[in-house]
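Each ligand, and each atom within it, is numbered from 1 in the order the structure gives.
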Amino acid sequence: MKKVRVIYWSGTGNTEKMAQAVASGAKTADTEVTLLSVAEATAKHVEEADYLALGCPSMGNEELEESEMEPFVNSIASLVKNKPLVLFGSYGWGDGQWMNDWTQRMKDQGATLVDDSLIINETPDDEGLKKCRTLGMQLVK
Ligand SMILES: Cc1cc2nc3c(=O)[nH]c(=O)nc-3n(C[C@H](O)[C@H](O)[C@H](O)COP(=O)(O)O)c2cc1C
């Protein structure tokens, strides 16, 4: 079984809904999928993952959430080299700059971005949830 770890931060539940859909898309007969809030996640979850999905909304001023997600992403910098990875998150009024920056950061650390990063405005609708499931499927393909 290939290990899939979906790790997210969510303040009002939008990115959490995305994370649940990504996790369900990644579930196949050959994958073991674990969905974790970043508060529950450890570096070991990342280390052991065959496939990794990370989710965080746009916070601050086009930034990752600063108290939990930013330190976590920073702490796994040396673990993501060659790791098949996708990024996702919800946003409000911005242009998605936080996700562009995050995507480039993970590429610079050597992660293998297997699909375009997915951003969804506020609460994902059915179409948005479908995109999340597709992202999960692409991750483990
Ligand atoms: C403190 C704070 C800062 C935010 N900053 C941004 C921002 O810079 N750009 C943006 O597009 N949305 C911003 N948002 C909106 C959130 O990204 C948006 O509401 C998102 O759906 C929240 O996702 P969540 O439900 O997973 O927490 C901000 C929201 C909060 C509460």
- request: Can you figure out which of G13, A19, S58 has its heavy atom closest to atom 13 (C) of ligand 1?
  value: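 That would be S58.
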
Candidate with minimal heavy-atom separation from atom 20 (C) of ligand 1, of G96, S10, G60, S90: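 Looking at heavy atoms only, S90 sits closest to atom 20 (C) of ligand 1.
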
Could you list the atoms of ligand 1 found under 4.0 angstrom from a heavy atom of [X]?
| X | answer |
| --- | --- |
| N61 | 8 (O) |
| G11 | 24 (P), 26 (O), 27 (O) |
| G94 | 10 (C), 11 (O) |

[atom] - nearest protein heavy atom and its distance:
| atom | result |
| --- | --- |
| atom 9 (N) of ligand 1 | E62 OE2, 2.7 Å |
| atom 25 (O) of ligand 1 | T12 OG1, 2.5 Å |
| atom 19 (O) of ligand 1 | E122 OE1, 3.1 Å |
| atom 1 (C) of ligand 1 | M59 CE, 3.8 Å |
| atom 12 (N) of ligand 1 | G92 N, 3.0 Å |
| atom 22 (C) of ligand 1 | P57 CB, 3.7 Å |

message: Can you confirm whether L87 sits close enough to L113 that some side-chain heavy atom of one is under 4.5 Å from a side-chain heavy atom of the other?
response: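 They are in contact (side-chain heavy atoms under 4.5 Å apart), so the answer is yes.
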
- request: Kindly indicate whether the side chain of T15, heavy atoms from C-beta on, has any atom under 4.5 Å from the side chain of W9.
  value: no

Side-chain donor-acceptor pairs under 3.5 Å in residues 133-140, sequence neighbours left out?
unit_1, atom_1, unit_2, atom_2, d
T134, OG1, K130, O, 3.0
Q138, OE1, K141, NZ, 3.4

query: Is the closest basic N to carboxylate O distance between R105 and E63 below 4.0 Å?
result: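 The answer is no: the pair does not qualify as a salt bridge.
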
message: Can you tell me if E66 has over 12 outside heavy atoms packed within less than 6.0 Å of its CD?
response: no

query: More than 12 non-hydrogen atoms from neighbouring residues, nucleotides or ligands closer than 6.0 Å to CG on D126, yes or no?
result: no

query: If you measure every N/O of W9 against every N/O of ligand 1, is any gap under 3.5 Å?
result: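 No.
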
message: Polar contacts were defined as any N/O atom of the residue lying under 3.5 Å from an N/O atom of the ligand; does this apply to E16 and ligand 1?
response: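 No - when backbone and side-chain N and O of E16 are compared with those of ligand 1, no distance drops under 3.5 Å.
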
query: Looking just at side-chain N and O atoms, do T123 and N14 make a donor-acceptor pair shorter than 3.5 Å?
result: yes

- prompt: Have N74 and E70 got a donor and an acceptor in their side chains that come within less than 3.5 Å?
  reply: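 On atom types as modelled, these side chains do not qualify, holding no pair under 3.5 Å.
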
field: side chain to side chain donor-acceptor pair (under 3.5 Å) partners of T34, counting only residues at least two apart
entry: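 Testing T34 for side chain to side chain donor-acceptor pair (under 3.5 Å), a comparison that skips the adjacent residues, returns R5.
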
